[in-house]
Amino acid sequence: MISVQNLHKKFGAFHAVDGATLEIATGSITGLIGPNGAGKTTLFNVIAGRLPASCGKVLMAGEDITGLPPHELFHKGLLRTFQIAHEFGSMTVRENLMMVPENQAGETLWNTWFGRGRVAEEERRIRDKADEVLEFLTITHLADEKASNISGGQKKLLELGRTMMVDAKIVFLDEVGAGVNRTLLNTIGDAIVRLNKERGYTFCVIEHDMDFIARLCDPVICMAEGKVLAQGTVDEVKNDERVIEAYLGTGLKNKVKSNA
Amino acid sequence: MDILNAIVAFTNFVFIPATAYGAQLALGALGATLVYGILRFSNFAQGDTMAFGTMATIYGTWGLQAMGVSFGPLPTALLALPFGILVTVGLLLATDFSVYRFYRKQKVAPTILVIVSLGVMFVMNGITRIMIGVEEQNFTDGERFVFTAREFKEWSGLNEGMALKTTQAVTIVTAVLVVAWLFWFLQKTRTGKSMRAFSDNEDLALLSGINPNHVVRVTWILVAILATIAGVLYGLDKSFKPFTYFQLLLPIFAAAVVGGLGNPLGAIAGGFVVAYSEVFVTYAWKKVIGYLVPADMAPDGLVQLMSTDYKLAVSFIILIIVLLFMPTGLFKGKSG
């Protein structure tokens, strides 16, 4: 689905992504792990068109999508969520979801005046869809709450809900579980699995919670210092020497070993 | 009776003119605040957009007058307004296509866009002056007053007269209608919601599939509508002179900043704050005070805090105070 080839991203002298090469297979839930500062989010930002790449390529189903603006990637079915949940604070939760499907007739001035019927009909359809999504995420009771008032975890659900408003092909989830309690995390996990199975979404998930990763993801990719260290099943990656070293540092790794 | 006379004098010389002026500033500031909220730069060309729109409307008015069309007691310019708006929409969309789009694609810093808009301002400035000249133009016609000072005196039996000019009434009514329409548009229509979404969080708006090109286009169209209406109302109420419109830039930005840049509600409040302050400090209070205090205490001087020549200084001072002590304005804007 997504093929990242020798991708670099520099901020001045700092090499945030340093020649990352990886594949995300169609239909998979790929986990992306790595210590803080490994370049995971930067990688997402480059893939999702928020930051330009310094060099390297991103292919989606064989097509070069490097540097395309976010709304065009959205059009191709590539969606993402943010590490710190984003929302349109001045709108209700339902309105937040209703913003999503692209190319709505109501977006042009012409239709606002002369296509009233069409716009209203479309809005009804999108509203029904939004209500469905809210029910799926078990947050129907928040539908008319202002999005700036809901909790951090609920915002994460809203982020996930946004990706469900359209038929996405691949969704990049940036720490969807951060700051979310266990129960809510399970809801999110269930939603991801269901979307993967029932609707064929491909996911790429950045996450620090290893239980969450172990439950959902296969394969898992580990990044450190802007490079891809290891790739494989959860257990393979977890036991990889280089991965342990990246997380714990060389000294600590030896200490852990000697203790064991 | 003297208190009544004082109130009438106050209403006639301060309240009515300041309200009309405030409404004009509010409409101008709304245009500036929309550009700031959505395109994220201070549009220095706002005053000259108003001048251009007014000029187009004046030509429309002359055309209508030549054809013998009139709007009864109301100014003919109101009939020519749609024409003026259309021409201004064309100009702004052409400017965006040929100038701003290039910089947007480069994702330049807002300061660069401000300087670009300064360039656009000079060009618009030139276009307007080449087309209509630098002199003052009066294009008000129709009935001059809703009621005159003499009619009011006869009706009320007071010493002090109060007049309501047609242009003042037209200004206030039009401003209320336009603002109500704008808020309905931003709150209720899907187009308005995508503009608010874009202003709230641009990243998320793009990742939600909102087409930025639509949003930008609609913004310029709204700015053209607001600027032309604001300019024409100001021109009807006072007179049209390109240089005066260029100078309006300062009170308009003072208004937008006082209210909170990027916040439409703030722009309206700011417009009135600036207008009232300006009229309050430049009005000679001698007459009003004379009615209120015993005769022997009546002031000899004009009791004018500042000469009208310095009225622009008022906006400047407001701007500085707000930026120093309350940079996000009364209604929490995006500046600061």
Side-chain angles (χ1 to χ4, degrees), chain A residues 44-45 48-52 68-82 84-92 95-113 115-116 118-120 122-123 126 147-148 155 158-159 162-163 165-166 168 171-172, chain B residues 34 37-38 82 85-86 89 92-93 101 104-108 181-225 260 262-266 331-334:
Chain A
F44 269 27
N45 280 336
R50 195 177 176 213
L51 295 173
L68 285 184
H71 68 279
E72 282 178 32
L73 292 172
F74 181 96
H75 184 70
K76 294 184 185 297
L78 187 154
L79 277 65
R80 74 165 294 185
T81 68
F82 290 95
I84 297 159
H86 283 205
E87 75 285 332
F88 302 126
S90 66
M91 296 183 198
T92 67
E95 278 178 323
N96 263 265
L97 290 178
M98 288 176 66
M99 291 314 294
V100 174
E102 58 174 342
N103 288 329
Q104 292 183 31
E107 266 183 77
T108 62
L109 271 185
W110 180 265
N111 285 329
T112 305
W113 302 121
R116 286 279 180 82
R118 226 179 102 205
V119 174
E122 177 191 68
E123 225 166 49
I126 296 173
S148 54
K155 282 178 187 171
L158 178 58
E159 287 254 37
R162 199 171 281 124
T163 67
M165 288 299 291
V166 284
V171 180
F172 289 85
Chain B
L34 277 182
I38 290 161
I85 289 174
L86 229 58
V89 166
L92 290 192
L93 290 182
R101 197 180 56 137
R104 216 169 27 245
K105 273 195 180 158
Q106 318 269 316
K107 295 192 172 150
V108 298
W181 174 79
L182 183 71
F183 276 78
W184 169 81
F185 180 82
L186 289 177
Q187 292 297 326
K188 295 289 173 212
T189 67
R190 171 59 225 222
T191 321
K193 281 181 191 170
S194 42
M195 289 176 71
R196 275 164 54 211
F198 205 81
S199 163
D200 253 14
N201 189 331
E202 189 179 342
D203 276 333
L204 184 57
L206 292 176
L207 288 165
S208 301
I210 291 173
N211 188 333
N213 303 323
H214 280 320
V215 174
V216 169
R217 200 176 309 138
V218 173
T219 306
W220 284 121
I221 292 174
L222 287 184
V223 169
I225 294 174
N263 184 324
L265 208 62
F331 288 79
K332 245 184 125 184
K334 293 175 194 297

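Naming convention: chains lettered A, B, ... in sequence-line order (proteins, then strands); numbering from 1 in each chain. Computed over heavy atoms, backbone and side chain alike; hydrogens, waters and symmetry mates excluded.
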Return the [atom1] to [atom2] distance between [X] and [Y], rounded to the nearest 0.5 Å.
{"X": "A:Asn111", "Y": "B:Thr189", "atom1": "CG", "atom2": "OG1", "value": "11.5 Å"}
{"X": "B:Asp200", "Y": "A:Met99", "atom1": "CG", "atom2": "CE", "value": "9.5 Å"}
{"X": "B:Leu204", "Y": "A:Arg162", "atom1": "CG", "atom2": "CZ", "value": "4.0 Å"}
{"X": "B:Arg196", "Y": "A:Glu95", "atom1": "CZ", "atom2": "CD", "value": "6.0 Å"}
{"X": "A:Arg50", "Y": "B:Leu206", "atom1": "CZ", "atom2": "CG", "value": "10.0 Å"}

Worksheet item: Stepwise, does the salt bridge (charged side-chain N to carboxylate O under 4.0 Å, His left out) test hold for A:Glu123 with B:Arg190?
Response: CA-CA 9 Å; A:Glu123 225 166 49; B:Arg190 171 59 225 222; over 6 Å; no
Worksheet item: chain B heavy atoms under 4.5 Å from A:His86: which part of the residue, side chain, backbone, both or neither?
Response: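 Both backbone and side chain.
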Item to complete: Name the region of A:Phe88, side chain, backbone, both or neither, that has any atom closer than 4.5 Å to a heavy atom of chain B.
Response: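 The answer is both parts of A:Phe88.
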Discussion item. Looking at every heavy atom in both B:Lys107 and A:Gly49, which two are closest together, and how far apart are they?
Written reply: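 Answer, listing the atom of B:Lys107 first, then A:Gly49: NZ-O, 4.5 Å.
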Discussion item. Please identify, among A:Leu109, A:Leu79, A:Leu73, A:Thr163, the residue contributing the most non-hydrogen atom pairs under 4.5 Å to chain B.
Written reply: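 Option with the top pair count is A:Leu109.
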Worksheet item: If you count heavy-atom pairs under 4.5 Å with chain B, which of A:Glu87, A:Glu159, A:Glu107, A:Met165 comes out on top?
Response: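 With the most close heavy-atom pairs to chain B, the winner is A:Glu107.
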Worksheet item: So which of B:Val218, B:Asp203, B:Asn211 has the largest heavy-atom pair count under 4.5 angstrom toward chain A?
Response: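 Ranked by contacts with chain A, first place is B:Asp203.
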Worksheet entry | When B:Ser199, B:Ala197, B:Ala205 are compared by non-hydrogen pairs under 4.5 Å with chain A, the top option |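 Option with the top pair count is B:Ala197.
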Fill in: salt bridge (charged side-chain N to carboxylate O under 4.0 Å, His left out) partners of B:Arg217, counting only residues at least two apart
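Partners of B:Arg217 under the salt bridge (charged side-chain N to carboxylate O under 4.0 Å, His left out) test: none.
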Worksheet item: Any side-chain heavy atom of A:Thr108 sitting closer than 4.5 Å to one from B:His214?
Response: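 Yes. Closest side-chain heavy atoms under 4.5 Å.
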